[in-house]
Number of protein chains: 2
Amino acid sequence: MFQALADQTRRDIVARLVRGPASVGQLAHPLAMSLPAVMQHLQVLEACGLIRTEKVGRVRTCRIEPQVLRTAEEWIVRQRTSWEQRLDRLDDLLAEQPPEHGSTP
Amino acid sequence: MFQALADQTRRDIVARLVRGPASVGQLAHPLAMSLPAVMQHLQVLEACGLIRTEKVGRVRTCRIEPQVLRTAEEWIVRQRTSWEQRLDRLDDLLAEQPPEHGSTP
DNA sequence: CAGATAGTCAAGTGGTTGCTTAAGTGTTCA
DNA sequence: TGAACACTTAAGCAACCACTTGACTATCTG
């Protein structure tokens, strides 16, 4: 999942799809690489559930699936907040216990 | 930066450091891999600013640097919210303009 | 000082990734 | 029907990644 977002091209695709669904060709057009390459990126994104694709006639339409974006977000928030909570606990400890020997002279 | 978080071992290290600073050895201990391997992960994490390390005597202490964690979080939030805003605008359009020909029968 | 400790450097390796080209497959339209 | 279109599949390749081992450098401890 972070693996999928690790690639700049894939992040560009996500950023594009956030503004609305698009076909494979539309996604490929600004991307300076061959169509099969784009397809492979789309497969990675779909495999981890970041996007959903559906083929109608000969055109495959891709749209974003924001729940998985939340999963990644939540992991980061969890790390950040537990770091902040640790700092809070440290503050409390330092406030309760006055310095005992010259650590803050 | 997402590249750095793409690796499970590196996420484990971040999750460990969030609970407080640790030495290279302490980080390596639960990790089923050689010390140099851990060092390489730490270099990746430090290169993208996710952690900061400092050597005192013969032990190097690593601590987390949560600002960069925020950067990643912000990118995700930006994508998610602009997707939600697009949905809102769509809702508005659909509410204003009554269906004209059989799209919602 | 000698030995143990904690980490570092360098080189190499096997597997994965991100691309490419070439040759299909199924759809649409004149 | 047949040519154009929008992908899709497969094979191959160069670069990168996560590791390893082995040798090395400081730093502490007895």
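Not measured: the values here are computed from a predicted model. Order of the sequence lines fixes the chain letters, A, B, ..., with proteins taken first and strands second; residue numbering starts at 1 for each chain.
Contact annotation: side chain of Gln40(B) to base of dC19(D), donor-acceptor pair present below 3.5 Å.
Note: CG (Asp7(A)) to C1' (dC17(D)) measures 14 Å, nearest angstrom. dT16(C) atom P lies 17 Å from atom CD of Gln8(B), rounded to whole Å. Atom pair Gln3(A):CD and dT17(C):P shows a separation of 6 Å (rounding to whole Å applied). Between Met39(B) atom CE and dC9(C) atom C1' there is a gap of 9 Å when expressed in whole angstrom units. Atom CZ of Arg60(A) is separated from atom P of dT27(C) by 12 Å (rounded to the nearest Å). We find that CD1 of Ile13(B) is positioned 12 Å from C1' of dA18(D), with the value rounded to whole Å. The CD atom of Gln43(B) sits 13 Å away from the P atom of dC17(D) (whole-angstrom rounding). Taking atom CG of residue Asp12(B) and atom C1' of nucleotide dA18(D), one finds them 14 Å apart after rounding to whole Å.
Map Arg10(A) and Val59(B) each onto its nearest nucleotide of DNA chain C; the residue landing nearer the 5' end is Val59(B).
Listed pair His41(B) / dC19(D) meets the phosphate criterion, a side-chain N or O lying under 4.0 Å from OP1 or OP2. Remark: Lys55(A) is not in phosphate contact with dA6(D), judged by side-chain N or O atoms under 4.0 Å from OP1 or OP2.
Arg10(A) places a side-chain N or O within donor-acceptor distance of the main-chain N or O of Ala4(A), the cut-off being under 3.5 Å. Using modelled atom types, no side-chain atom of Glu74(B) and backbone atom of Thr71(B) make a donor-acceptor pair closer than 3.5 Å.
Among the nucleotides dT20(D), dG7(C), dT27(D), the one closest to the side chain of Arg58(B) is dT27(D).
One side chain, Glu46(A) or Thr53(A), offers a donor N or O that lies under 3.5 Å from an acceptor on the other. In the model, Gln8(A) has a side-chain atom that pairs as donor or acceptor with a side-chain atom of Arg11(A) under 3.5 Å.
Distance CG/Asp88(A) to OG/Ser82(A): 11.5 Å, rounded to 0.5 Å.
Annotation for Leu17(B) and Cys62(B): closest pair CD2-O, 3.4 Å, computed over non-hydrogen atoms.
Looking only at side-chain heavy atoms (C-beta outward), Val56(B) and Thr61(B) stay at 4.5 Å or farther from each other.
Proximity of residues 22-36 of chain A to DNA chain D (heavy atom under 4.0 angstrom from any strand atom) is restricted to Ser23(A), Val24(A), Gly25(A), Leu35(A), Pro36(A).
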